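Scroll down for the structure; my scribbles are underneath it.
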Amino acid sequence: MRAVVVRSFGGPEALEIEEVPVPPVGAGQVRIRVEAAGVNPVDAAVRAGALVAGGLAERREVHGLGWDVAGVVEETGPGAGGFAPGDRVIGLADRLDLPLGAYAEQIVLDAGAVAHAPVHATATQAATLPLNVLTADQALDLAGLTEGQTLLVTGAAGGVGGYAVELGVARGLRVVAVAGAGDEELVRGFGAEFFVPRDAELGSAVRDLVPGGVDGAVDAAAIGTAALTAVRGGGSLVAVLGGAAPVPLRGTRVTNVWIRADGARLAELVKLADDGRLTYRVAGVLPLDRAAEAHERLARGGLRGRLVLVP
C-alpha cells in the first residue's frame, strides 16, 4: 500500500510517498481502509522534527504522519467489539511510537480510538472531526466551567477554537470569541454571545463585556498571558499548544490539554454533529501524493477549516 512518510526532517519537500506493507491487525484493533485523512498543524510539527526535538517522540528511520482518519473497516482483531468489516468509521491516531499514520491507504487503530462515522457527512467532512473536536472537548473538561458561566475562546475561527465555541454553547456557557475582525459573523454563527477582535487590548475589551473577567478560557491561539488578563482571579485557563501555558497569576488554574483518543466520547460528539450542532469545515481536498502541497498551503496560513488528503 502507499503511505506518506518522513525520513529526513525538514519542510514540505521532506514528505515522501512510499510502498509499505499493509499493517497487521492485533487484538483489540481494527484495520481501516482510509478514505480521507485530515491535515493538521501537528503533522507539520512531526515533519519538521519538532516532536522529536521536544522529547515527545523518539527518532526513528521512518516517521508516518496524520492523526485524523475517516474510512471503512477492513478487518478486526480479537476483542475489537462493536465494529465489523464494512462499517464506516472515524478515528484518531494519537500514538507517536507507530511508524505509520493516517496519510496512508490503510491504518490500524485500537478499537478504543474509533467511532462510527457521522451519518450525515462525507468522508472528507468526517476526517476533519476527531483531533479538533476531541481537543476542544477535553480542554473544556479541564476548564471545569458550569452552565451559565463565561468562557473566552481565542482563535475562535480555527479548527479547535471553532469547536470550543460550539461545544461551550452546547454546555450552556456564555462564550466570548476572539478572532480576526472579518470572522465575527462566522464565530457568532457558532453561537458566541460576545466578539472581540484579536488586535484589541484583550483584558480591557473582555472586561468591558464581562465585568470582572470571564470564568475560564480556552487559549487555542496560544497568546498566553494576554488571554490570562481576561480571566477573573481564581478562574481557569487551558492552553491548547504544548508549552504555551502562562504563569498562573492571580490564583488562576492553568493547564495544558494533551489530546488523547477516546472513541466512546467521539461517538457522543458524532451525535452532536449529526444533530447539526457541530460545523464541518473543509478548506480543500487533495490526493495523497500531493501531501507536500497541502503542507505548503498550511504553512501559508489563513485557512478556514482543514485540508484533507484522499488516497
Side-chain angles (χ1 to χ4, degrees), residues 28-40 42 66-76 80-95 101-102 106-143 153 158-173 175 189-191 218 220 240 257-283 285 304-310:
Q29 294 184 321
V30 297
R31 181 162 54 83
I32 300 167
R33 174 171 51 81
V34 177
E35 293 186 319
V39 178
N40 290 284
V42 68
W67 291 47
D68 280 330
V69 63
V72 178
V73 174
E74 292 267 282
E75 183 181 355
T76 62
F83 299 102
D87 287 349
R88 306 194 77 84
V89 295
I90 60 175
L92 181 67
D94 67 342
R95 289 179 55 187
Q106 299 194 51
I107 186 173
V108 170
L109 294 178
D110 293 338
V114 177
H116 288 95
V119 174
H120 305 301
T122 64
T124 53
Q125 290 173 322
T128 66
L129 193 63
L131 176 61
N132 294 291
V133 79
L134 282 171
T135 300
D137 189 62
Q138 291 168 18
L140 288 171
D141 286 345
L142 290 170
V153 177
V160 173
Y163 284 134
V165 173
E166 292 185 315
L167 291 173
V169 171
R171 294 181 183 215
L173 304 178
V175 177
F190 295 155
V218 172
V240 171
V257 57
W258 297 100
I259 179 66
R260 67 185 185 282
D262 185 344
R265 179 57 180 160
L266 185 57
E268 295 173 352
L269 296 169
V270 163
K271 292 177 183 177
L272 281 181
D274 272 333
D275 288 342
R277 301 176 71 182
L278 296 176
T279 303
Y280 302 107
R281 289 185 294 154
V282 177
V285 181
R304 289 296 176 260
R306 291 289 181 240
L307 296 169
V308 178
L309 299 174
V310 294

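No experiment lies behind these values; they were computed from the predicted model shown.
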Look at the side chain of D87 and the backbone N and O of V73, then say whether any donor-acceptor pair between them is shorter than 3.5 Å. no

When rounded to the nearest 0.5 angstrom, what is the spacing between NE2 in H120 and CG in D275? 8.0 Å

Does atom CZ of R277 have more than 12 heavy-atom neighbours from other groups under 6.0 Å away? no

Are any non-hydrogen side-chain atoms of V218 and V257 less than 4.5 angstrom apart? no

Partner of I32 under side-chain contact (heavy atoms from CB on, under 4.5 Å), chosen from I107, V108, V72: I107

K271 with E268: basic N within carboxylate O range, under 4.0 Å: no

Of the non-hydrogen atoms in R306 and N40, which two are nearest, and what is the gap between them? NE-OD1, 2.9 Å

Looking at side-chain heavy atoms only, is the closest gap between R281 and T128 below 4.5 Å? no

Among L129, D137, L272, the one residue meeting side-chain contact (heavy atoms from CB on, under 4.5 Å) with Y163: L129

Give, for atom OG1 of T135 and atom CH2 of W67, the distance between the pair rounded to the nearest 0.5 Å. 8.0 Å

For A136 and L167, the nearest pair of non-hydrogen atoms, with its separation, is CB-CD1, 4.1 Å

Considering only heavy atoms from C-beta outward, does the side chain of V89 approach that of L109 to under 4.5 Å? no

Where do A111 and F83 come nearest, in terms of heavy atoms and distance? O-CE1, 3.7 Å

Can you name the one residue among R260, R265, R171 that meets salt bridge (charged side-chain N to carboxylate O under 4.0 Å, His left out) with D141? R171

Looking only at non-hydrogen atoms, find the nearest pair between V30 and A80 and report the distance. CG1-CB, 4.0 Å

Report the C-alpha distance between D110 and R95 in whole Å, list the side-chain angles of each, state the deciding distance to 0.1 Å, and finish with yes or no for side-chain contact (heavy atoms from CB on, under 4.5 Å). CA-CA 10 Å; D110 293 338; R95 289 179 55 187; 4.3 Å; yes

Rounded at 0.5 Å granularity, tell me how far OG1 in T124 sits from CG in L309. 11.5 Å

Is any side-chain heavy atom of L92 closer than 4.5 Å to one of D68? yes

Between A220 and V160, the two heavy atoms sitting closest are CB-CG1, 4.4 Å

Heavy-atom closest contact (A115 atom, G263 atom, distance): CB-O, 3.6 Å

Under the side-chain contact (heavy atoms from CB on, under 4.5 Å) test against I259, which residue among L131, D94, V240 passes? L131

Any side-chain heavy-atom pair of V169 and F190 under 4.5 Å: no

Report the distance from atom CZ of R88 to atom CZ of R33, rounding to the nearest 0.5 Å. 7.0 Å

